[in-house]
A.B. asks: 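Structure provided below as structure tokens; questions to follow.
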Number of protein chains: 2
Amino acid sequence: MQNGLEPASVTIRDVARAAGVSITTVSHVLSGHRPTGELTRHRVLAVVEQLNYRPNRVAQSLATRHTRTVGLILPDILNPFFPQLVHAIERSAIHAGYRLLLCHTDSLESLERECLEDLVARRVEGVIYMRGTAAPNPVLERLAEEHFPLVVLDEEVPGLVAPGVYAMNRLGGRMAARHLWQLGHRDVGVIGGPRGLVSVCDRVQGFQETYRRLGAPVPEERTVFTGFSVHGGQEAGRGLLLRHPELTAVFAANDLIAFGVIQAARELGRSVPGSLSVLGFDDVTTAAMVDPPLTTVRQPIRRMGSEAFRLLMGQVRGTWEPVRRQLPTRLVERGSTAPPERVRAVSAAGGATPPRSPGA
Amino acid sequence: MQNGLEPASVTIRDVARAAGVSITTVSHVLSGHRPTGELTRHRVLAVVEQLNYRPNRVAQSLATRHTRTVGLILPDILNPFFPQLVHAIERSAIHAGYRLLLCHTDSLESLERECLEDLVARRVEGVIYMRGTAAPNPVLERLAEEHFPLVVLDEEVPGLVAPGVYAMNRLGGRMAARHLWQLGHRDVGVIGGPRGLVSVCDRVQGFQETYRRLGAPVPEERTVFTGFSVHGGQEAGRGLLLRHPELTAVFAANDLIAFGVIQAARELGRSVPGSLSVLGFDDVTTAAMVDPPLTTVRQPIRRMGSEAFRLLMGQVRGTWEPVRRQLPTRLVERGSTAPPERVRAVSAAGGATPPRSPGA
DNA sequence: GGCGGGTTCCAAACCGTTTTGCATAATGGG
DNA sequence: CCCATTATGCAAAACGGTTTGGAACCCGCC
């Protein structure tokens, strides 16, 4: 390698020399950590301007032992849920003068570990950790034990004592159940996400528990699990609907899955919501744009992101405590759910309720 | 600030002391830059293991003058196009041992400049720059002049001589035009993205140029511009359709806009593609999931991302040259386009073509 | 005129690595 | 047995900043 490519950037030494002062002085006028003479200050500033000097942040980081960087570990950037989260975090971060080091793990545990190690080796001041796999992560555990600034976001890590920000998943599941129940659905199916994920368990259990309490427990074979993806939802949805044509509604553990279910339903000639209601989770921005617009349980994504960052900063500048924040979900009713056909027919006959027109 | 929070990480000095060798030796066994005795090596490695030593990457960076980091500047992470691009870049990056420093600019020129400055101050080895504004960026120009490793991605910067990777936008526009023309559309509208963006110009011009050549030039007032967002598309679409109800098809400069147009059409009681065909650009993953599935011009997103990274690496390790790579687009026909009603009626009467059922 | 106090500035140590030049020990050949 | 090598390991100088402890100077006051 030839080297010689570097623009041989100007150092603080160059500035000092050009301004005829010591390095120390330059540093002080730049940082303001100590008062400097009016005259020298202007001279230094002028030289800085003229030479277009910018302090080397890595040298600064080494000396000051802070990098103004936080690491982000996320499982799947293609799931629109995560970009929304990243966006919220980014806003907070930039506002606080921090940058984000991005690590996409593709839900691979090995990558997760590697990234985590690398991030701390790079001396990020903290890590916001979003997992996509249920596999235990020893590195994460060590970090938590050492009280390394860390906040778990979105997907809880069982057994880990560390600060975290989550949605009220169980509550969300209940909301979904109540909604479908009230519409009159008695034969419902559930499509969960990856097995072992706490959020999936909570959502599914919240849903099932409500149906059970209402007197119509969801039989085990009507609950299936798949990946958090459109494809997964489609496959699982097709299977479920084929085995249980009597189903009038399906609750999906996230919006991507719900999208897949809608496609599967269409494939099988079942209209949504006419012959099948579909309910999602997350309220990703595209949820309002699909056909039909998806009824879904909204997570307060922006607040989750900013809260996560806030918590992280709290740790960075002092007090580590394993706060566990849960933010409320809320049902967003759109066009993918409607009363089941039987009920519809009845109420239409009674002239009470016209068939609902799905619309924003 | 109490400090004392740092886990007081173990340094190379600690390892050296514990292993009873010099710092140099430790460094050498770890890097393999010089041969070391079998015995010492094992001893050092054992200590490293035991102390769980990880070299401080920022110190390493300072000493070696490389950070194994590249900066990413992108205008809008909420537009699913960019996460897809980021994903592709990330894959290449991680494979090459690099990490990504993420800068979301919200299409703000001031933020762009700031981020760029910060990234080079942080000594990223290169920058992949995606712009969302037409405003000139002096920092960018300086960097390009200095031959700082840089590749412009997706959105060209007029007047800048720097390596770049783009889609064949003009060609894409032509493809869109040809498609609509062949379906029989003669009254078409165009909704461009932000004014001044080269990609927008190219797409729109490619489209218009084709229609002109075919003998049905698009009148100026049927072309409007808006932001790259669903909302923008909806507003612009509503306005356009209100002023020009005679339109039978609309070409949108990206998928988000197209989604908005579809919503606007629905608002106005026009079915898609029944009474209005809509054609997008990008082929974002959600394009296949909206209703109706969007016919769109696909950009080779993955290839654009990996090619951008490849180009960047080329610069990092040596040769700067302002290569300009253009990747081909391709029309993906889905359900949002169909022959205009008039034509449909005719051909249906002629019994030639049954109304097309939009489907995947 | 000496002295306390406030300004300004600088020298030097440090942050945690890499890397070069050299010293020493071990090895082998003549 | 001695010398030329080769194998090993160390000390010290970077890398580009921050920060602390003083030194030098100026001021006004008693």
Side-chain angles (χ1 to χ4, degrees), chain A residues 1 3 6-45 47-48 51-69 118 120-125, chain B residues 1 3 6-45 47-48 51-69 118 120-125:
Chain A
M1 188 159 60
N3 192 340
E6 308 284 326
S9 49
V10 15
T11 74
I12 197 175
R13 210 179 339 269
D14 302 324
V15 176
R17 188 158 31 221
V21 299
S22 79
I23 289 180
T24 314
T25 304
V26 177
S27 179
H28 282 143
V29 350
L30 254 26
S31 71
H33 279 2
R34 270 198 191 173
T36 52
E38 186 76 359
L39 190 76
T40 7
R41 174 140 48 87
H42 278 101
R43 197 145 32 103
V44 168
L45 255 20
V47 173
V48 164
L51 263 48
N52 193 17
Y53 167 71
R54 296 276 175 278
N56 181 332
R57 304 280 266 117
V58 0
Q60 280 185 321
S61 291
L62 182 57
T64 62
R65 272 181 299 298
H66 56 240
T67 53
R68 294 293 116 104
T69 306
D118 186 59
V120 336
R122 283 168 187 267
R123 293 298 184 270
V124 297
E125 295 182 30
Chain B
M1 188 159 63
N3 191 340
E6 308 284 327
S9 49
V10 14
T11 75
I12 198 175
R13 208 177 343 264
D14 302 324
V15 176
R17 190 159 28 220
V21 299
S22 79
I23 289 181
T24 313
T25 304
V26 177
S27 179
H28 282 143
V29 350
L30 253 25
S31 71
H33 279 0
R34 269 198 190 172
T36 51
E38 186 75 358
L39 190 76
T40 9
R41 174 139 48 86
H42 278 102
R43 197 145 31 103
V44 168
L45 255 21
V47 172
V48 164
L51 263 47
N52 194 16
Y53 168 70
R54 295 276 175 277
N56 180 332
R57 303 280 266 117
V58 0
Q60 280 185 321
S61 291
L62 182 57
T64 61
R65 270 181 300 299
H66 56 240
T67 54
R68 295 292 117 102
T69 306
D118 186 59
V120 335
R122 282 168 188 268
R123 294 297 185 270
V124 296
E125 295 182 30

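Note on naming: letters A, B, ... go to the chains in the order of the sequence lines (proteins, then strands), and numbering restarts at 1 for each one. Note that the structure is a prediction, hence the values are computed from the model and not measured.
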A.B. asks: Nearest whole Å is fine: how far is dC14(C) P from Leu62(A) CG?
C.D. replies: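 After rounding, the gap between these two atoms is 14 Å.
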A.B. asks: Is Thr25(B) close enough to dG9(D) that one of its side-chain N or O atoms is under 4.0 Å from OP1 or OP2 there?
C.D. replies: no
A.B. asks: Would you call Thr67(B) and Arg122(B) a side-chain contact if the rule is heavy atoms closer than 4.5 Å?
C.D. replies: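 Result no, sub-4.5 Å side-chain heavy-atom pair not found.
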A.B. asks: Could you tell me the separation between the CZ atom of Arg68(B) and the C1' atom of dT17(C), rounded to a whole number of Å?
C.D. replies: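 Nearest whole value for this atom pair: 15 Å.
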A.B. asks: Arg65(A) CZ to dT17(C) P: how many Å, rounded?
C.D. replies: 12 Å
A.B. asks: Using the C1' atoms of the five pairs at each end, what is the angle between the end axes of the helix from dG1(C)-dC30(D) to dG30(C)-dC1(D), to 10°?
C.D. replies: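 Its terminal axes enclose an angle near 60°.
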A.B. asks: What is the distance from CZ of Arg122(B) to C1' of dG16(D), rounded to the nearest Å?
C.D. replies: 16 Å
A.B. asks: Show the distances under 3.5 angstrom between N or O atoms of the protein and N or O atoms of nucleotides 4-6 of chain D.
C.D. replies:
none

A.B. asks: Hey, could you give me the OG1/CZ distance between Thr69(A) and Arg123(A), rounded to the nearest 0.5 Å?
C.D. replies: 12.5 Å
A.B. asks: Tell me what Val58(A) touches on the nucleic acid: a base, only sugar-phosphate, or nothing, going by heavy atoms under 4.0 Å.
C.D. replies: nothing
A.B. asks: Please name all residues satisfying salt bridge (charged side-chain N to carboxylate O under 4.0 Å, His left out) with Arg43(B), sequence neighbours left out, ordered by chain then number.
C.D. replies: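 In terms of salt bridge (charged side-chain N to carboxylate O under 4.0 Å, His left out), with neighbours along the sequence ignored, Arg43(B) is linked to no residue.
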A.B. asks: With side chains defined as the heavy atoms from C-beta onward, is the minimum distance between Asn56(B) and Thr11(B) less than 4.5 Å?
C.D. replies: no
A.B. asks: Rounded to the nearest 0.5 Å, how far apart are OG of Ser9(B) and CZ of Arg65(A)?
C.D. replies: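 One finds 9.5 Å between OG of Ser9(B) and CZ of Arg65(A).
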A.B. asks: With a 4.5 Å heavy-atom cut-off, do Val29(B) and Leu45(B) have their side chains touching?
C.D. replies: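 Yes, their side chains come closer than 4.5 Å.
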A.B. asks: Determine which pairs satisfy side-chain hydrogen bond (donor to acceptor under 3.5 Å, both in side chains) with at least one residue from residues 20-32 of chain B, sequence neighbours left out, and list them in order.
C.D. replies: Ser22(B)-Thr25(B)
A.B. asks: Do Val10(A) and Asn52(A) come close enough that some side-chain heavy atom pair is under 4.5 Å?
C.D. replies: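 No. Closest side-chain heavy atoms not under 4.5 Å.
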A.B. asks: It should be established whether Thr40(B) places a side-chain nitrogen or oxygen under 4.0 Å from OP1 or OP2 of nucleotide dT8(D).
C.D. replies: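 For dT8(D), neither OP1 nor OP2 has a side-chain N or O of Thr40(B) closer than 4.0 Å.
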A.B. asks: With rounding to the nearest 0.5 Å, note down the distance linking CZ in Arg17(A) to CD1 in Ile23(A).
C.D. replies: 8.5 Å
A.B. asks: Within this structure, what is the CD1-CG distance for the pair Ile12(B) and Leu51(B), rounded to the nearest 0.5 Å?
C.D. replies: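 So the gap between those two atoms works out to 12.5 Å.
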A.B. asks: If a protein heavy atom is under 4.0 Å from the base, mark B; if only from the sugar-phosphate, S; if neither, -; do that for nucleotides 17-26 of chain D going 5' to 3'.
C.D. replies: BBBBBB----
A.B. asks: Got a sec, which residues hit salt bridge (charged side-chain N to carboxylate O under 4.0 Å, His left out) with Arg13(A), two or more places apart in sequence or on another chain?
C.D. replies: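 Once residues adjacent in sequence are excluded, Arg13(A) has no partner under the salt bridge (charged side-chain N to carboxylate O under 4.0 Å, His left out) criterion.
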